[in-house]
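These values consider heavy atoms only, across backbone and side chains, with no hydrogens, waters or symmetry-generated copies.
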Amino acid sequence: MSAPFENIPLWAAIPVGGLLVVGAFLTLVGAIGFLRLGTFYERIHAPTLGTSGGIGAIMIASMVFFSISTRTLVIHELLIGIFVTVTTPVTFMLLARAALHRDRAEQNGNVPPKQASSQPEAGQSAP
């Protein structure tokens with residue numbers, strides 16, 4: 001019995017390999033950015049970009065590889081892509097807001113002050 005990767009034609013193996021290299025590179029850049037950047041607010045940005053781009057390229061490579069090797073259209077990896085696309089920005093915003101709230105409560109001078117609301121609160125009239 002031969003392994004499925006032995007049956008992949010060269011015209012499909014080259015894009016799959018390229019997408020895997022690009023995905024691995026983007027993930028590596030995100031990991032290096034996480035290690036090198038100084039503050040929490042800077043560190044949180046690099047991994048989110050790395051995981052989104054890296055997972056996207058690896059996911060497309062997986063779809064192409066398994067579609068060619070099984071001779072059927074394999075698209076269930078799109079669920080992973082949708083999940084990552086939806087959850088990564090939401091998690092990023094929640095972590096950033098929690099850190100900002102904590103830093104303001106501790107009166108850390110490195111965060112911007114809370115801006116005054118320009119809309120009147122309930123029961124008040126606008127000036």
Can you check side chain to side chain contact (heavy atoms under 4.5 Å, CB included) on E106 and R102, steps first, answer last?
CA-CA 6 Å; E106 293 175 356; R102 181 199 63 213; 3.7 Å; yes
Check the hydrophobic clustering (I, L, V, M, F, W, Y; side-chain heavy atoms under 4.5 Å; chains of links allowed) and say if V22 and L20 are grouped together.
no
Say you draw a straight line from CG of L79 to CE of M59; how long is it, rounded to the nearest 0.5 Å?
10.0 Å
Please tell me whether I8 and V64 are part of a single hydrophobic cluster in this structure, the criterion being side-chain heavy atoms less than 4.5 Å apart.
yes
Closest non-hydrogen atom pair between V86 and P89, with its separation
O-CD, 3.6 Å
Under 3.5 Å, which donor-acceptor pairs do the side chains of residues 23-42 form with other protein atoms, sequence neighbours left out?
from: T27; atom 1: OG1; to: G23; atom 2: O; distance (Å): 2.9
from: T39; atom 1: OG1; to: E42; atom 2: N; distance (Å): 3.3
from: Y41; atom 1: OH; to: A99; atom 2: O; distance (Å): 3.2
from: Y41; atom 1: OH; to: L100; atom 2: N; distance (Å): 3.2
from: Y41; atom 1: OH; to: D103; atom 2: OD2; distance (Å): 2.6
from: E42; atom 1: OE1; to: G38; atom 2: N; distance (Å): 3.2
from: E42; atom 1: OE1; to: T39; atom 2: N; distance (Å): 3.3

Got a second to check how far T85's OG1 is from I55's CD1, nearest 0.5 Å?
9.0 Å
Under a 3.5 Å distance rule, please check whether S62 uses its side chain to pair with a backbone N or O of I58 as donor and acceptor.
no
Taking the side chain as every heavy atom from C-beta outward, state whether M93 and L95 have any atom pair closer than 4.5 Å.
no
Once side chain to side chain donor-acceptor pair (under 3.5 Å) is applied, do any residues pair with T70, and if so which ones, sequence neighbours excluded?
T72
Taken in chain and number order and not counting sequence neighbours, the residues that satisfy side chain to side chain donor-acceptor pair (under 3.5 Å) with S52 are none
R97 side, atom CZ; F92 side, atom CZ - distance, nearest 0.5 Å:
12.0 Å
In terms of hydrophobic clustering (I, L, V, M, F, W, Y; side-chain heavy atoms under 4.5 Å; direct or indirect links), are V21 and V16 co-clustered?
no
Working to the nearest 0.5 Å, report the span between CE of M63 and CG of L19.
10.5 Å
How many angstroms lie between CD1 in I14 and CH2 in W11, if you round to the nearest 0.5 Å?
11.5 Å
